[in-house]
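The block underneath contains the structure these notes are about, expressed in structure tokens.
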Amino acid sequence: MSDDEVDEDLLALLRKSLGIGVNNAPSPAKTGVLGDAEYVYDNSTDVALDMRGTKAAAASVWGMIQEKDYSTRDWSKHELHPKAKNETTVDFIFIMDLLNFSFWSEGDETSSKFAVEYRGKRWTGYWSLVAALQRALDEGIPITSPSFWVDEEVCTDVYLKYIFRSATGEEMPMLQDRIYCMREAGYVLQEKFDGSFVTCLDEANGSAAALVNLMADNFPCLDDRHRFDGRTVRFHKRPQILVADIWACFEGESFGYFHDINQITMFPDYRIPQMLHCLGCLQYSPPLESHIRSRKPIESGHSWELQLRGCSIWCVELLRREILRQHPGTQINAILIDFLLYDTVKEMEEKGVEFVPHHRTRSIWY
Ligand SMILES: Nc1nc2c(c(CN[C@H]3C=C[C@H](O)[C@@H]3O)cn2[C@@H]2O[C@H](COP(=O)(O)O)[C@@H](O)[C@H]2O)c(=O)[nH]1
């Protein structure tokens, strides 16, 4: 723990013991990830939100939701997403989101990036992961079983390299880190949760926030927290998208029931900030914009990266509030806005739309 972390905790302890500031404890909405995102937004110097752009974007996001009749049902419509509403699908989503990070290629867009051949198609990005998992299951490999991940006799690194083999000359980015995540998560599930993620769901007892915290507290490779401007900020992108994927897949029923699902925020990755900039919601300072346009890397934990992630979370929260203001009573949350933005940016990319590039931070957090 660094010095200023100790000071902060000591201060909190002192305040509590003196009864100072207790009654102005942060409102429920301001604790957790959303509160941390707002703190980053309030203290950002290289990323800003354009209020006019955000207002206009709220109208177009609402229009897209209406036009597509977008809902949790869309999750299962994706060709590669599992369809069965049972425990095997929960296991699939766990390994999928455990490894759901960093698919962008070091090369420029023309180079042959990592791709997985499956069902006669070449899948890239996030879909390359989903395709590799489905392909492994088709080949009779128990890729969703934690007991397989920890059996280093059978599930060797070489075997995993085969399982995640590429259809191009470029291997899966951060493969060794992914293998490490599988081993670590496998041991944690075996030692603490009877070898199954369903036990974690049971322990969370229908609370999305409890499940996110349980994952961040027990799975170090999911504990997506960083130091920003003298404070620890939590983004917890993969625990949150895991909860969201289960909620959407099961359409809020059975394993997907969470009474507090609306506490889940946007998932700060590298795609949505790009889309929010394209929509005119996010603005970059000239040095940051030129850095991103020239595809230069930004180190994990750098202030620029944390500003991009934190301001994106806060931006989607403002989009959600604006949609609710324009259309009171509508059933919309940060998850559906996020999913829609991701799918839209991928559709636009398919159509060859030119974007300002996404930022390039190599990390296991997203
Ligand atoms: N914020 C957010 N980030 C998302 C997704 C998804 C896919 N979710 C599916 C489930 C429901 C939705 O309808 C989607 O069909 C992947 N990612 C992240 O993007 C990056 C991959 O980008 P690219 O290399 O271009 O595929 C990587 O960090 C990955 O973790 C999302 O939905 N939201």
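In listed order, ligands and their atoms are each counted from 1. All figures in this text were calculated on a predicted structure; none of them were measured in a lab.
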Tell me the contacting part of [X] for ligand 1: side chain, backbone, both, or neither, using a 4.0 Å heavy-atom threshold, strictly below.
X	value
D245	side chain
F267	both
L340	neither
H78	side chain
W104	neither
K237	side chain
H81	side chain
D343	side chain

Who's the nearest protein heavy-atom neighbour of [atom], and how far?
atom	answer
atom 18 (C) of ligand 1	D269 OD2, 3.6 Å
atom 29 (C) of ligand 1	N100 OD1, 3.1 Å
atom 22 (O) of ligand 1	R271 CG, 3.3 Å
atom 17 (N) of ligand 1	Y342 CE1, 3.8 Å
atom 32 (O) of ligand 1	F339 CD2, 3.3 Å
atom 33 (N) of ligand 1	D338 OD1, 2.6 Å

[X] and [Y] ion-paired at < 4.0 Å:
X	Y	answer
R178	E171	no
R234	D36	yes
D50	K55	no

Min heavy-atom dist T124 to ligand 1 below 4.0 Å: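 Outside the 4.0 Å threshold, so no.
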Ligand 1 contacted by K346 (non-hydrogen, < 4.0 Å): yes
Nearest heavy atoms of [X] and [Y], plus distance in Å:
X	Y	result
M96	W75	CE-CZ2, 4.1 Å
R360	S105	NH2-O, 3.0 Å
N218	P220	O-CD, 3.4 Å

T156 side-chain N/O to E152 backbone N/O, donor-acceptor pair under 3.5 Å: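 No; zero donor-acceptor contacts below 3.5 Å.
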Exam field: side chain T168 to backbone K113, donor-acceptor pair closer than 3.5 Å: yes
Using a strict 4.0 Å cut-off to heavy atoms of [X], name the atoms of ligand 1 that fall inside it.
X	answer
I272	1 (N), 2 (C)
F103	21 (C), 24 (O)
W75	10 (C), 11 (C)
Y366	28 (O)
I241	4 (C), 5 (C), 31 (C)

Side-chain H-bond candidate by donor/acceptor type, Y118 with D138, under 3.5 Å: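 Yes, a side-chain donor-acceptor pair sits under 3.5 Å.
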Short side-chain donor-acceptor distance under 3.5 Å, Y366 and E305: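 Yes, Y366 and E305 have a side-chain donor paired with an acceptor closer than 3.5 Å.
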Winner among Y126, Y70, Y270 once heavy atoms are compared against atom 20 (C) of ligand 1: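 Looking at heavy atoms only, Y270 sits closest to atom 20 (C) of ligand 1.
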Near-ring test W127/H81, centroid separation under 6.0 angstrom: yes
Axial cation check for Y162 ring with R165, 6.0 Å and 45° limits: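 Checked: cation-pi criterion met.
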Interatomic spacing from CG in L288 to CD in Q283 - rounded to 0.5 Å: 12.0 Å
